[in-house]
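Both counts, for ligands and for their atoms, begin at 1 and track the order of listing. Side chains included, hydrogens not; waters and symmetry mates left out as well; all remaining heavy atoms used.
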Amino acid sequence: MQQDKKIIITIDGWSSCGKSTLAKELAAALDYVYVDSGAMYRAITLYFLRNHVDWSHDDAVHEALENISLEFVYSPAHKQSEMHLNGENVEYVIRDLVVAEKVSEVAAIAEVRKFAVAQQQRMGKLKGIIMDGRDIGTVVFPEAELKIFMTADNAVRVERRFQELYAKNPNVTLEEVKNNLELRDYIDSHREVSPLRKADDAIVLDNTRLTHREQFQKALKLAQQKIGEQ
Ligand code: DC
């Protein structure tokens, strides 16, 4: 039997819509590679914060990027790829609110995006990849065979994100999470360089009223159809 041709699947959308959960599940079902592009922007932000990089200066950004090496390394213990920054596993620390508060500012810098996008495009060379983010269907892989744009009501997204962060840090407040989400969505969709927007050929998946399973099955069906068409 002829092997199915591999495709590229992009999942873009607002913060905390469940993009990464869906992307991971789809990747496992299809035996595809999952890439969390947001983790790259978060790791760069972590480096900038730790090294007091003044990212309002192009020279400082340029020099810092020359010292940053990002790599996704598979963790057999956690059964997932984890973000390594200059050899250190930062998968968990990049999820902190301290990083979340600054990442949209850093991700709006043209040189930072150029740096991350070049690596993302290299990862897609062999196809068989699912990448989630904000500009994956519009800029990173405009030729992707399947593009999904995820959305959900604001209140639902805030509550989901709050539950996630609260489990790790009971000091976090709903207000803080709400403000952070709103600010990130605003900056991500209004920045000059590759702002968050739905690609014209993306399929909208609103999961406000979908169960986890319903959402997964819808997306899997879309993916199987596209793979079948190759
Ligand atoms: O998906 P996430 O919440 O981990 O992403 C963190 C930030 O990175 C998000 O606020 C916007 C930015 N981002 C981006 O600009 N482009 C991407 N492809 C992915 C993330």
Return the residue, atom name and 0.1 Å-rounded distance of the protein heavy atom closest to atom 18 (N) of ligand 1. Asp135 OD1, 2.8 Å
Part of Asp132 within contact of ligand 1 (heavy atoms, under 4.0 Å): neither
Atom 4 (O) of ligand 1: closest protein heavy atom, distance to 0.1 Å, is Arg42 NE, 2.7 Å
Donor-acceptor check, side chain of Arg161 to backbone of Ser16, threshold 3.5 angstrom: yes or no? no
Please report whether ligand 1 has a polar contact with Arg113, defined as an N or O pair separated by less than 3.5 Å (distance criterion only). yes
Identify, by atom number and element, the atoms of ligand 1 in contact range of Ile136, meaning under 4.0 Å from any of its heavy atoms. 18 (N)
Of the listed options Met40, Lys19, Arg134, closest to atom 9 (C) of ligand 1 (non-hydrogen atoms): Arg134
Nearest protein heavy atom to atom 19 (C) of ligand 1, by residue and atom, and its distance? Ser37 OG, 3.3 Å
Donor-acceptor contact present, side-chain Asp185 to main-chain Ser15, <3.5 Å: yes
Ligand 1 versus Arg191, non-hydrogen atoms closer than 4.0 Å: side chain, backbone, both, neither? side chain
Please state which protein non-hydrogen atom is closest to atom 12 (C) of ligand 1 and give its distance, to 0.1 Å? Ala107 CB, 3.7 Å
Taking atom types as modelled, find out whether Glu159 and Gln163 have a side-chain donor-acceptor pair closer than 3.5 angstrom. yes
Residues Asp188 and Ser104: side-chain donor-acceptor under 3.5 angstrom: yes
One finds that the ligand 1 atoms under 4.0 Å from a non-hydrogen atom of Gly133 are 17 (C), 18 (N), 19 (C)
Decide whether Glu91 and His78 meet the rule of one side-chain donor and one side-chain acceptor closer than 3.5 Å. no
Would you say the side-chain atoms of Arg157 pair up with the backbone N or O of Ala152, donor to acceptor, closer than 3.5 Å? yes
Within a distance under 4.0 Å of any heavy atom of Gly38, pick out the atoms of ligand 1 and give their elements. 4 (O), 5 (O), 19 (C), 20 (C)
Atoms in ligand 1 with a heavy atom of Tyr41 nearer than 4.0 Å: 8 (O), 13 (N), 14 (C), 16 (N), 17 (C), 18 (N), 19 (C), 20 (C)
I'd like to know if the side chain of Arg113 reaches the main chain of Ala107, judged simply by a donor and an acceptor atom lying under 3.5 Å from each other, with no hydrogens or angles considered. yes
Does the Asp12 side chain pair with the main chain of Arg197, one donor and one acceptor, at a distance under 3.5 Å? no
Short side-chain to backbone donor-acceptor contact, Ser75 and Ser81, under 3.5 Å: no
Nearest protein heavy atom with distance in Å, relative to atom 3 (O) of ligand 1: Arg184 NH1, 2.9 Å
Where the closest heavy atom to atom 10 (O) of ligand 1 is concerned, which of Asp188, Leu183, Asp12 has it? Asp188
Examine distances only and state if a side-chain atom of Asp96 and a backbone atom of Val98 form a donor-acceptor pair shorter than 3.5 Å. no
Under 4.0 Å from a heavy atom of Ser104: give me the atoms of ligand 1 that qualify, with their elements. 10 (O)
